[in-house]
Each structure stands twice: as C-alpha cells, then as structure tokens.
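Lettering follows sequence order; numbering is per chain, from 1.
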Amino acid sequence: MYERIREKLGILADAAKYDVSCSSSGSNRKNENKGLGDATGMGICHSYTEDGRCVSLLKILLTNHCIYDCAFCVSRRSNDVKRAAFTVEEVVELTINFYRRNYIEGLFLSSGIFKNADYTMERLVRIVKKLRTEENFNGYIHLKTIPGASEELLKEAGLYADRMSINLEMPTENGLKLLAPEKSHEDVKKPLHFIQQNITQFSSEKALIKSTPKFVPAGQSTQMVIGATPESDQEILHTASAFYKDYSLKRVYYSGYVPISNDKRLPGIGSQVSMVRENRLYQADWLMRFYGFDVQEILDDANPHLDIEVDPKLGWALRNLEQFPVDVNTADYRMILRVPGIGVSSAKKIVQARKFGRLHRDQLVKIGISFNKAKHFIRFADSPFQLRDYESSHIRNIILSESKSKYLRTAHNQLSLF
Amino acid sequence: MELYVFDGTFEGLLSAVFEMYQKKAGAVKLVSRAHFYPDAFQEVFEVISEDEKARRVWAGLSKKCGKEWMMHFYKAFLSEQGATFQDLLDFARYIFDQPEGAVENYGNPHVLAVSQMARKVHREKHRMEAFIRFQQTSDGIYYAHIEPDFNVLPLLIRHFRDRYADQKWIIYDLKRKYGLFYDLEKVEEITFEFSQEMSPALNALSQQLLDPKEELYTLLWKDYFRSVNIPSRKNMKLHIRHVPRRYWKYLSEKQA
Ligand code: SF4
C-alpha cells in the first residue's frame, strides 16, 4: 500500500514538474467555517527545489496517460514511460495531509487526457468539489483546464478553484502546429474567454448580491515554453502582452524548454536550458505589469531580442538617454520608477522622504536603491558637477565592468529580478 | 549622557520613553538588564515597567504614526537587539518632537533603522510560516518546534490560527523556552520541561509519540521534494539563497 502510493506520487509529480506556475497568492478564500486552510494572504513558498524554484503547491497530474502526442511533453502517447493514475480519494488525502503539516499552500492539479476531455475534466472537478464541500478545505487550488472540456464542467470547476489556467505551450500558432499538430491557440482562447466572461459576471453579481459564490477569485494564467521553437523575444512578449490585454490574465509564465526527447523538431537532449533568457523575459514581463512599460518600448524590430548582458530596464534607459538624468527630488513617480537600479519600494520611499527635504546621496543609498547603477541616470541634492554627458555605450561599459564579477558568477544561472 | 536600564519587556521600553519625557532628560542611553554590565562610575536610572505609563506612550505614538508603523515598532522590538532598543527610544523621541507625518521621513536615521529592523523580523516571521513542519502526535496534536533568531512567536498566532482552525497545534520556541498551543478555541502560551521522550533535538519527536501515519507522510513529502527537482537546472547557489542553511534543521525534506 505504502509502496504503491509512493510510486504513483513519484510518477505523477515528476510529470507535472515542467509546469512552472507556482503562485499561490491573489485569492480571497477566508477560513470562515472553522475548517482547514486559508487562502487570503500572500502565497508562501514552503520550500525550494535544488534548482531554486519555489515549492508552494502540491503539483501533480491526476494521470499521465494521454491520448495526444505533443512532442514537447513527457506524457505524450508515443513516449515510453511508466503510467499511473490517482484515484479521487488519493489526491484529496494527499492534499489534506500535506496541508495539515504545513508542507504546502494547496493543490495544483493537472492531467493528461484519458478517454476524452470531458471524462478527464469531470474527475478533476470531483476532486476539487470534494475538497471544498466535504473536507471544508479553504487552501489554494489551481486547476488546469482540459482543452475541449464542456462549458458546464468549466463553470463548475470555477466555483471551487482559486485559479484556472490553460497553457499556450508555444508562443506562436506556427510553433505549436509544428510540435502539436492536433492543437491550436484557438483551443486555448475559447476556454480563457469563457472563464473570463464568467469571472466578470460573477463579480458584478457579487457587487449586488453578497451571497454570490466566488468564481476563480485568483484569476487565470497561462504558460509558454521558450526555446523549443525559434520565436524571437519580441514575438513572445507580443503574445504575452496581447493575452494580458484580451483575457486579463494574472500571469504569463515562461518555461525554458528542458530537452526530454530525441525528436528532430526539438533541441536535443543535453542542450542547455536558456535560463538567462527565461529570466530576461520575466524581467520584461515585470516591466509590463508593474512598471508601466509598453511592449513596444521594451523591444522593437531593430531590437527583436532582449539583451543578454543587461536587464531590459537598463537596456531601455540606455536607448533613451535623452530622458535622463531624472531629478529624484522633483521628477514624478512614474519617471523615478523608470530609473535603472530603483525598484517599486525605493521609488515610493523617495517620493515620501523628499517631502522632508531634498535627498542626498547617502540617503538614497540607505533607502536601498542600487546606487552604482542608478547614479548614471539621476540627479540628487549633492550630485557631483558633471563635465560632459556620457554616451550610452560608455555607461553600459562602466556598469558592466562594475558588475562584472557578479555577472559572471550568475550568468549561467537564474538571475534575480533587477 | 544618562543611562537607563530596563527589564527588556515591551512595557519597560515604553515606560522608559515616558520617564525620559517626565524627567526632561537630555541624551539617554537605554540598555536592557540582560545586556547591562554595571560600571562603578556611571550613574544608572532603573526604569520600572508600568502598564499605565506604557499605555500612554503607546497611545501617544499611535496618534502620530498610524497602525502600520506601530506594527513596525513592535516588530523591531521583538528583534531583542540592544542597538534596536536604543533606536526605538530615539525613534519615539523623534516622532513626539516632530509634527505629524514624520514617520515617512526615511532620511532620518531612526526612522530608517526601525523600519529596516522591522523588515528583518518580518522576514523571519514569514520564513517560520513557510518552514514550520508539523508532526502529528498520537493524541492528534500537530507539533513543531523552532529556534528563530528573533522572538517571532507572537507574530505567528494569527496566521496559524486562521489556517489551522480545525486541528490542535503547538509551536514551541526551544531557544526562548515557551510555545503556543491552540486547543480549537484559543491560543495560549505554554511552557514545558522536556522529559526524556520530548527530546529537544530538532525535527522529530520520538516514534512512539507520533501518529502511525506520520512516517508515511514525512516519506511522501521527501519523495515529492525529490521528484519535482529538475536536475538539468540544478542551482545550489540560488537554492541556498532562498533556504539559508540555518533553516535546514526545520525542514523534513532536508533531513537524511
Ligand atoms: S495533451 Fe497535454 S498531457 Fe497530453 S501530450 Fe499534449 S501536452 Fe502532454
């Protein structure tokens, strides 16, 4: 008995790990029934894998049996791997028992497609329903939508899940067609659209009638595999930006392709996962979501790829030197936010602190900006007198040489955000 | 420079602020008794903790700072750091002497010091919320012990009560020798002497105290942790930045 459940967990956690979404925040499911769990706060990473990714949810597949044969997927029909499937009860018990021990924030449940879409989706729904209605579980649940499932099942799922997602897989339709001829971006857009409509409708009803149930309170997300097909960063970010706008997604995830197959259409086993590129995409994504940048500002036809050497915010500043230096004592918040080396919280502190007097260098340092980067782009109360303007290539070299050792140390790993 | 010694409690610290104003003191150096080494040549003022004085200072500060800053103040206090006690006293004086809104002046060293220490304590609270691993005992209580750098137990009450409303739990601070016990109704402070079976060794109560299923779930969790790793992306530097080694003792998945 022990051994069977351990084996299943091994197989079905292993197959689910390539899904990079890990967020467990943004919901508002309060523990009001004296039940188990609470999904109101910020998400918590309970652990980190040795590759540095956060572990916050029990991320598993219901089954890795699949009738499809997508080339980039370990569970594909033609792949010779061990197959397994959980029962509804097993998933519920694992979730509850992991949660009670404070291992996890909740469940991330996905599945290969066995028999057909509705058959699979119906089982996923049974699990989340049992967790909510029988086990009184208020923890976080992220449910993967099965493409092609009926609208009734999607709608029911939305009543129990905190977040739903459906993967775009490849950033462009052509890329997807190449690797998964049976699929299309249309299959993704339809359910995203349907769920989004319902989210809007439920929340407007909730404004009028308090007892309206929650519907996917943490919103929807999607994921793109990066580096399996030859799309440029510009194409990737344009797709992301369009999906943010059209479907009000909470997040787009970028997953550097981990070679798992000898298929000729794909990078071979052993080729490097481009983690620097993945990280640059996340940085650019942050600029779109939190820093007020438009995708056109980050990349254009002349620069279709993100710079590997410098982060996209610095890249933008170097291309737009005429907008600098920014005087931190007078500039508006939006512009301070655009200075390389100044993050959201430092920018807020600067705007508050300067009401008490003009800010000097040492105060800026203490507030926590990365001064060595920012100093090329700002003026402050005791700015040194500057003889001449630097050229952008000059500044770039100074910053790169100052951060050289740091850059070399981390270049082949994931970089941190700004 | 006058030297004030207080008993290390929150009331004591606030009482010290009260006395400082009452006595129209000049510069004051504040030390907790635990950090105090008497010096024959220095005159010492012993602060007596008094609820009423403490309450008045707290109310006065609240009027000028607002809720969020009061929380920063309390969190910084829980750091138990000698230098921070001094910062808190200086911060209080600065706030009382300035017009309203001065808390936003991050250019002021005391404002900045308090806010930075509050951040550190908050980070540790958050890490405890993440890294605590309960083990179910045979009498159905979920037990965990910790040894945090700062005294964060008081900050954990709400989080764990909201989350585990339907199970009894204990979180015990081995360093400070007290714990929290939730009995399905309320959270209480408890202390107990560890007998032989309740070994203070980290992670793990003795097998006979545990629920028979506990072993399975510890095992499944370790298995899970191993399965979700992607070896071709291994990055121990990043791993250790997220989970500093001093926390590994809390984590069942990190035990051999
Ligand atoms: S349908 Fe999903 S699980 Fe099946 S092969 Fe394609 S990506 Fe993998």
For the rings on B:Phe85 and B:Phe77, is their centre-to-centre separation under 6.0 Å?
->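 Under 6.0 Å, so yes.
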
Taking 4.0 angstrom as the limit, do [X] and [Y] come out as a salt bridge?
X	Y	result
A:Asp19	A:Lys59	no
B:Arg226	B:Asp223	yes
B:Lys234	A:Glu50	yes
A:Glu3	A:Arg6	yes
B:Asp211	B:Lys213	no
A:Glu93	A:Lys130	no

Please name the pair of heavy atoms, one in B:Glu129 and one in B:Phe160, separated by the smallest distance, quoted to 0.1 Å.
->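 For B:Glu129 and B:Phe160, the tightest heavy-atom pair comes out as CA-CZ, 3.9 Å.
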
Could you check which of [options] has the highest count of heavy-atom pairs closer than 4.5 Å to chain B?
options	result
A:Ile60, A:Leu58, A:Ile104	A:Leu58
A:Leu9, A:Asp362, A:Thr49, A:Asp14	A:Thr49
A:Gly368, A:Gly357, A:Ser47, A:Ala13	A:Ser47
A:Arg101, A:Lys34, A:Lys17	A:Arg101
A:Glu105, A:Glu32, A:Gln363, A:Lys349	A:Lys349

For [X], is it the side chain, the backbone, both or neither that has a heavy atom under 4.5 Å from a heavy atom of chain B?
X	result
A:Leu359	neither
A:Glu7	neither
A:Ile11	neither
A:Lys355	side chain
A:Arg100	both
A:Leu364	neither

May I ask you to name which of B:Val228, B:Ile240, B:Val243 has the most heavy-atom pairs under 4.5 Å with chain A?
->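 The residue among B:Val228, B:Ile240, B:Val243 with the greatest pair count is B:Val228.
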
Of all of B:Phe131, B:Tyr224, B:Tyr142, which one pairs up most often with chain A through heavy atoms under 4.5 Å apart?
->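 Most heavy-atom pairs under 4.5 Å with chain A: B:Tyr224.
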
Intermediate values then yes/no, side-chain hydrogen bond (donor to acceptor under 3.5 Å, both in side chains), B:Asn235 and A:Tyr48 = CA-CA 11 Å; B:Asn235 181 355; A:Tyr48 290 85; over 6 Å; no

Under 4.5 Å between any side-chain heavy atoms of B:Trp169 and B:Phe181, yes or no?
->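 Heavy-atom side-chain distance check fails, nothing below 4.5 Å.
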
Give the intermediate values and the outcome of side-chain hydrogen bond (donor to acceptor under 3.5 Å, both in side chains) for residues A:Asn102 and B:Tyr164.
-> CA-CA 9 Å; A:Asn102 205 41; B:Tyr164 298 113; 3.0 Å; yes

Once the angle between the rings of B:His122 and B:His126 is folded into 0 to 90°, is it parallel (under 30°), tilted (30 to 60°) or perpendicular (over 60°)?
->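 Geometry flag for B:His126 against B:His122: parallel rings.
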
Using a heavy-atom distance cut-off of less than 4.5 Å, which residues of residues 102-121 of chain B contact chain A?
->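 So far as heavy atoms go, B:Ala102, B:Glu104, B:Asn105, B:Tyr106, B:Gly107, B:Leu112, B:Gln116, B:Arg119 are the residues that approach chain A to under 4.5 Å.
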
